[in-house]
Amino acid sequence: MAHTDSPIVTRFAPSPTGNLHVGGARTALFAWAIAQRAKNSGAGGRFVLRIEDTDLKRSSEEASRGILEDLAWLGLSWDDGPEFESGGVRIGGDERGVGPFYQAQRKHLYDAFVQRLVDADLAYPAFDTPEELDAMRAEAQAAKKTFVYRRPEGYDRDAMLERAAAEEHVVRFKLPPEAVTVRDEVLGDVTVPYEELDDFIIRKRDGMPTYHFAVVVDDELMGVTDVVRGQEHLNNTPRHAALIRALRHEDGREFRMPRFAHLPVIANPDNSKMSKRDRDKAARAKCREVGVEALVQIHGRVGVGEGDFHAWLEDKTRQLPGEPLERLAAAVGVDLPEVAVDDFRRSGYLPEVLLNYLALLGWNSGEKDEEGKNIERFDLGWFVERFELSRVGKGSSKFDRAKLLSFNAETLQQMDPERFRELWRAWLERYEPEVLATLGDRFELGAVAAQPRAKTFKDAKEPVAFALVNDEQIVFDEKAVQKVLLKGDPNGAAVLGDLLGVLRSLEDWSPDAIHAAAEGFAKERGLGMGKVAQPLRVAITGNTVSPGLGETLALVGKDATIRRIERAVEHAQNAAV
RNA sequence: GGCCCCAUCGUCUAGCCUGGUCCAGGACGCCACCCUUUCAAGGUGGAGACACGGGUUCGAAUCCCGUUGGGGUCACCA
């Protein structure tokens, strides 16, 4: 454990172009954990949240808000950053006076640094049109070389500066002619030769800084000591390092080189990069399967114009907005793969479980329990105590939904029943209020039956689905009817008939009492419990699968139980002829 | 294609830095059996990996080189 006295500052810097996806969430988790650990050690640590909205066209306030909310839901709160209120707790603020935290509001800061670079002849205006640049790239491509932009030899600086005063232009950084080596905490040293680096743009035509410039300036101004980000940024880091060496504060102070850590990519099981498009892909595939006729009926309910809908169907690169996509998926009956944090929330995953799983993607404590097994289940506190970059793996990893699901199921099933009830209720209130309404005062009974079988909050209702429909809506599975109600001697239908009397006279309609009554009946008749329980299950649920017998009957209520049994007996008689 | 990065069961990984204790351990998934009124849960067991080829060494999953494979990146996006 390092006892550095200087505080550690990490940051998470998403661009608000969409929801927070799991890769971003893991990056945020690791960066957060480093700051948190430093805080706990007494050295001091801060976690900064900065919104990188320099792309005016693609950024949206809605996306920013969504990301804030996702982070807050996960419990990754930031010390410096946009103010946000979550469950009565305030997150963010600008205690250190390093804000604002939206880059679009920091333009004047970037401008000053750009100007200083230009004054020092370390940056220069350039006037090439996009078409010209495309042509240059094409040429390089044809020559099988990396395209690098360089300030021409005979560049007339004064003339160009004058021209820049009147004409729209970009500003490019004059890259020092040397290879750049960057130390990376997870990958080691990475060297990129000068020939691969070019005079990249630091200020765009619209006056906004490019990503490269804004990150470097902001990380310095916000005192960031550890830059943790995805490996897709690795190739950018030498550029940033060169910039950091060139940049000076107004008083001449140099910029400090932060520690860098590039996290391996998280991929799909098929090795493709996890992307929001995966959801469209899944929906599109299902639509094809369903067929055109069915789709004609469906698309009206989705809330997308017919033209747009068909364009989406044909064009693999198109995406449908979130809500319509959800509706479409529900209509055609597919489960969309979750890729964003909010998708997992909607699907009924616990934030602490998602975080636990994400922590394991690329990191491992290396610790074993008493039985010599890897420790894989832990809470945030445990994680923060041992997280370190040196134990982050270098290889990319695939997102294994089955394992996440198993973690979630285990947590849900072992949770204190009261907590399960509260959380499930809250989830239903938010996403499926109609289920809550249908359950009414049977909610607690339902929760007892659902919890041991729940994998997510979303599917928790499945084991008690029979209690959510009317008696007449129960569809009898014919195989079950044959096997359980019609075969054997006495057959199930006959047992049910006898059972009716017992149940009718039962006053106490609690799970225990029901169970005792059924057991007493079985014993009295010399029947195995299966001979009693299975016919009842078929009668109540239409199938042979349900929660405990007492719970099942209690859940539907006495009257409904009797009606369903009568209906089943009748059905069996008809089926027999 | 250029450059950069990576490589242990199907998947996530422990082990690698500090070669021998590894005919490679765990988790998820899969299979079988047990428990059992069904399901779920639980219990027990099983199949399942050091990408390949060269070195170095008495000895290599561990060190070196190459091959192959995978990924990332080549924007006035971030």
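Note that the structure is a prediction, hence the values are computed from the model and not measured. Naming: A, B, ... by sequence-line order, numbering from 1 per chain.
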Per [X] side chain, nearest of listed nucleotides [options]:
| X | options | result |
| --- | --- | --- |
| A:R58 | B:rC77, B:rC76, B:rG71 | B:rC77 |
| A:D55 | B:rG26, B:rU38, B:rC77 | B:rC77 |
| A:R205 | B:rU37, B:rG25, B:rC76 | B:rC76 |
| A:V192 | B:rC76, B:rC4, B:rG1 | B:rC4 |
| A:L549 | B:rG2, B:rA78, B:rU37 | B:rU37 |
| A:R172 | B:rC76, B:rC3, B:rA40 | B:rC76 |
| A:E196 | B:rC4, B:rC3, B:rC12 | B:rC3 |
| A:P193 | B:rC3, B:rU37, B:rA40 | B:rC3 |
| A:K403 | B:rG10, B:rG2, B:rG26 | B:rG26 |
| A:S397 | B:rG2, B:rC12, B:rU37 | B:rC12 |

Which base sits across from [N] as a Watson-Crick or G-U pair, both distances under 3.5 Å?
| N | answer |
| --- | --- |
| B:rG69 | B:rC6 |
| B:rC23 | none |
| B:rG1 | B:rC74 |
| B:rC30 | B:rG46 |

Base, sugar-phosphate or nothing for [X]? Non-hydrogen atoms, less than 4.0 Å.
| X | answer |
| --- | --- |
| A:T544 | base |
| A:T146 | base |
| A:N236 | base |
| A:P547 | base |
| A:P130 | base |
| A:G393 | nothing |
| A:V190 | sugar-phosphate |
| A:Q413 | sugar-phosphate |
| A:K398 | sugar-phosphate |
| A:D128 | base |
| A:H169 | nothing |
| A:H233 | base |
| A:T17 | nothing |

Looking at [X], I'd like to know whether one of its side-chain N or O atoms comes within less than 4.0 Å of OP1 or OP2 on [N].
| X | N | result |
| --- | --- | --- |
| A:S396 | B:rG72 | no |
| A:R391 | B:rG15 | yes |
| A:K204 | B:rA78 | yes |
| A:R377 | B:rA27 | no |
| A:T54 | B:rA78 | yes |
| A:K373 | B:rA27 | yes |
| A:K394 | B:rC6 | yes |

Is there a donor in the side chain of [X] and an acceptor in the side chain of [Y], or the other way round, less than 3.5 Å apart?
| X | Y | result |
| --- | --- | --- |
| A:Q103 | A:R106 | no |
| A:E388 | A:S390 | yes |
| A:T17 | A:R58 | no |
| A:E478 | A:H571 | yes |
| A:Y211 | A:H233 | yes |
| A:R229 | A:T237 | yes |
| A:T456 | A:S347 | no |

Residue mapping more 5' on RNA chain B - nearest nucleotide basis, A:K531 or A:S406: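 Result: A:S406.
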Most 5' of A:M529 and A:W363 on RNA chain B, judged by nearest nucleotide: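 The residue mapped nearer the 5' terminus is A:W363.
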Side-chain donor/acceptor of A:D369 to base of B:rG26, under 3.5 Å: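 Answer is no: no donor-acceptor pair is held.
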Polar pair under 3.5 Å, donor/acceptor by atom type, side chain A:E376, base B:rG26: yes
Considering only atom [atom1], compute the distance from [N] to [M] and round it to an integer number of Å.
| N | M | atom1 | result |
| --- | --- | --- | --- |
| B:rG55 | B:rC3 | P | 28 Å |
| B:rG54 | B:rG10 | P | 23 Å |
| B:rC6 | B:rG53 | P | 23 Å |
| B:rG43 | B:rG29 | P | 12 Å |
| B:rC33 | B:rA40 | P | 14 Å |
| B:rG25 | B:rC31 | P | 22 Å |
| B:rG2 | B:rC16 | C1' | 32 Å |
| B:rA7 | B:rU13 | C1' | 14 Å |

Rounded distance (Å) that lies between atom [atom2] of [N] and atom [atom1] of [X]:
| X | N | atom1 | atom2 | answer |
| --- | --- | --- | --- | --- |
| A:N408 | B:rA41 | CG | P | 14 Å |
| A:K368 | B:rG26 | NZ | P | 8 Å |
| A:L187 | B:rC17 | CG | C1' | 16 Å |
| A:N268 | B:rG10 | CG | C1' | 16 Å |
| A:R229 | B:rU73 | CZ | C1' | 13 Å |
| A:H240 | B:rU73 | NE2 | P | 14 Å |
| A:N235 | B:rC5 | CG | C1' | 8 Å |
| A:F466 | B:rU38 | CZ | C1' | 12 Å |

Quiz item: cation-pi between A:R172 and A:Y149, 6.0 Å / 45°: yes
Lys NZ or Arg CZ of A:R377 over A:F407 ring: under 6.0 Å, within 45°: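 Verdict for A:F407: a cation-pi partner in A:R377.
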Electrostatic pair A:E367-A:K373, nearest N-O below 4.0 angstrom: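 Salt bridge: no.
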